[in-house]
Number of protein chains: 2
Amino acid sequence: MPIPKATAVLATNVVVFTIRDERLVALLVRRPRDPYAGLWSLPGGLVGDEEGLEDCAVRTLRDQTGVQGLYLEQLYTFGSPDRDPRTRVVTVAHFALLPPARLKGELADECNTRRWAPVDALPALAFDHDRIVAMAHQRLAAKLEYSTIGFQLMGERFTLSELQQVHEIILGETLDKRNFRKRVRSLHCIEETGDWYRAGNHRPARLYRLKQPGAVEFIK
Amino acid sequence: MPIPKATAVLATNVVVFTIRDERLVALLVRRPRDPYAGLWSLPGGLVGDEEGLEDCAVRTLRDQTGVQGLYLEQLYTFGSPDRDPRTRVVTVAHFALLPPARLKGELADECNTRRWAPVDALPALAFDHDRIVAMAHQRLAAKLEYSTIGFQLMGERFTLSELQQVHEIILGETLDKRNFRKRVRSLHCIEETGDWYRAGNHRPARLYRLKQPGAVEFIK
DNA sequence: TTGACATAGTGTAGAAACCACACTAAGTTA
DNA sequence: TAACTTAGTGTGGTTTCTACACTATGTCAA
């Protein structure tokens, strides 16, 4: 029987998803230090002394990438003894959703230390971060089907076509426009703003908003 | 900004569910030591140096209660800074399912240091263990609807009435017998053994078995 | 042996959800 | 004003869900 020890190095990581160039992408940062110096990895870091796990996820994400104010939930805790070559590090993985409308300015920029990578074409990642991204994607796709989590990828105001496209990209399949709209309507969780989105030489689209912006509910 | 520290005390806990006296019950152990000495709590303990998280959950459960060989999955990680009055302890909570047919001998015995408590009538528990049980119950009930996890509460051979009763108890509602059986049949994951279960002065019931005993699949 | 008892086991019809499918509406631009 | 582009809408067939009640088959006791 192994002899327990009391402590482990404890960290959090966050998979930030958004849609970019019609693909589901995750935010990666370049590791500045060994192990895996120079490799891409998920934002994250060590949990502070008096810090909650979700607080740590939010803080490290903000400090490393400037991103904040996102929907975020705990995903799974990864703790294989050998997942870090130095010493035992256990990470509490989270995922977060960034509405693509917020991909402006700094956030949209990619640089040598930060990039958006399509989840189906990731570069080599440090540690087991590829597994974390895969599980997060799987969880997100599953929750699209039985919760209203998809709206957390929408900006304050959005069109139904935008919403549908986001669903299609995450699920990796096309959806029928009329059936999709019927389903969304039946949720009763959005309302018309009365405004219209105009873009290009075509009919404008109604803009909607969430009735309860933060709320994610189970459906069916 | 808080200054991160590298280490936390890391533990696992397990909510072992079974059915007893037609109620959903969870296995509790008496805390031998402070904090909360004498209070009831979930089995669990500190993670060993070279030990995986699930391994730790399995080991501590076995050592403290003698229970092993159960379906077990990770539930959620609880890490509020003040959840343990002594020092920071983060626990990776799991839940496990014990087929009631295995509630024989030692396991069925309750004593001063081990008991089965109905999840809707728990005694005062140490730490945040009541929240852990509540979340585990919620997760289990949800998974009954969209996976074949319910079969993991069945023994090697079982009747459809037993299966239905387990579902009813966990969900807290009665189910229609014909609809239930129709649904189970449509899963194609059990088969007749050819044997019959005889008990009492009434017609015997067919005994079934899982085609793939360990497998839990998503449905629909 | 037979009748009372208790649980096992079975089918159907109406309602609701799901799915496939194609055209008109309303702007912009040349 | 005509071409273009995306927005927006309804119906019918299929499948799934739900409500619902009786017969079957064993045991046990009189």
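Bear in mind the structure is a predicted one, so any value in this text is a computation, not a measurement. Numbered from 1 within each chain, the chains take letters A, B, ... in sequence-line order.
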Inset, instruction - Enter the inter-axis angle for the ends of the helix from C/dT1-D/dA30 to C/dA30-D/dT1 (five pairs per end, rounded to 10°). - result: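 Taking the rotation axis at each end, their angle is 0°.
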Inset, instruction - Give a yes/no answer on whether the side chain of A/Ser161 brings an N or O atom under 4.0 Å of OP1 or OP2 in D/dT6. - result: no
Would you indicate which nucleotide in [options] comes nearest to any side-chain atom of [X]?
X        : options                : value
B/His202 : D/dC20, C/dT7, C/dT10  : C/dT7
B/Lys220 : D/dC17, C/dC21, C/dG27 : D/dC17
B/Pro204 : C/dT29, D/dT18, D/dT25 : D/dT25
B/Lys182 : D/dT18, D/dG10, C/dG27 : D/dT18
B/Ala205 : C/dG9, D/dT18, D/dT27  : C/dG9
B/Trp196 : C/dG27, D/dC28, C/dG9  : C/dG9

Inset, instruction - Examine A/Arg115 relative to A/Trp40 and say whether NZ or CZ is less than 6.0 Å from the centre of the six-membered ring and inside a 45° cone about the ring axis. - result: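 Geometry flag: set, cation within 6.0 Å and 45°.
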Legend entry - Identified side chain to side chain donor-acceptor pair (under 3.5 Å) counterpart of A/Thr91 within the set A/Asp128, A/Asp84, A/Asn13: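 The option that passes is A/Asn13.
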If I take atom [atom1] in residue [X] and atom [atom2] in nucleotide [N], what distance separates them, rounded to the nearest angstrom?
X        : N      : atom1 : atom2 : answer
A/Tyr197 : C/dG27 : OH    : C1'   : 14 Å
A/Leu175 : C/dC21 : CG    : C1'   : 15 Å
B/Arg185 : C/dA8  : CZ    : P     : 15 Å
A/Arg206 : D/dT9  : CZ    : P     : 6 Å
B/Lys177 : D/dC22 : NZ    : P     : 15 Å
A/Glu173 : C/dA20 : CD    : P     : 10 Å

Return yes if the base of [N] and the side-chain atoms of [X] contain a donor-acceptor N/O pair under 3.5 Å, otherwise no.
X        : N      : value
A/Arg203 : D/dA7  : yes
B/Arg178 : D/dC20 : yes
A/Asn201 : C/dA30 : no

Inset, instruction - Determine the interplanar angle of the B/Phe218 and B/Tyr146 rings, folded into 0 to 90°, and report it as parallel if under 30°, tilted if 30 to 60°, perpendicular if over 60°. - result: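 B/Phe218 vs B/Tyr146 ring planes: parallel.
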Inset, instruction - Considering only NZ, NE, NH1 and NH2 on the basic side and carboxylate oxygens on the acidic side, decide whether A/Arg206 and A/Asp195 come within less than 4.0 Å. - result: no
Inset, instruction - May I ask you to say whether A/Glu191 pairs ionically with A/Lys211, meaning some side-chain N is under 4.0 Å from a carboxylate O? - result: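 No, no charged N to carboxylate O under 4.0 Å.
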Legend entry - The single option from A/Leu72, A/Leu97, A/Leu42, A/Leu70 passing side chain to side chain contact (heavy atoms under 4.5 Å, CB included) against A/Val16: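 Only one option passes, and that is A/Leu70.
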Inset, instruction - Could you pick out which residue, B/Asp176 or A/Arg183, lies toward the 5' side of DNA chain C when each is mapped onto its nearest nucleotide? - result: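 On the 5' side of the pair lies B/Asp176.
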Inset, instruction - Side-chain contact test, heavy atoms from C-beta onward, threshold under 4.5 Å: evaluate it for B/Leu125 versus B/Leu39 and give yes or no. - result: no
Inset, instruction - Using a 4.0 Å heavy-atom cut-off across all strands, classify B/Arg181 as base, sugar-phosphate, or nothing. - result: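 If one applies the 4.0 Å heavy-atom cut-off, B/Arg181 turns out to touch a base.
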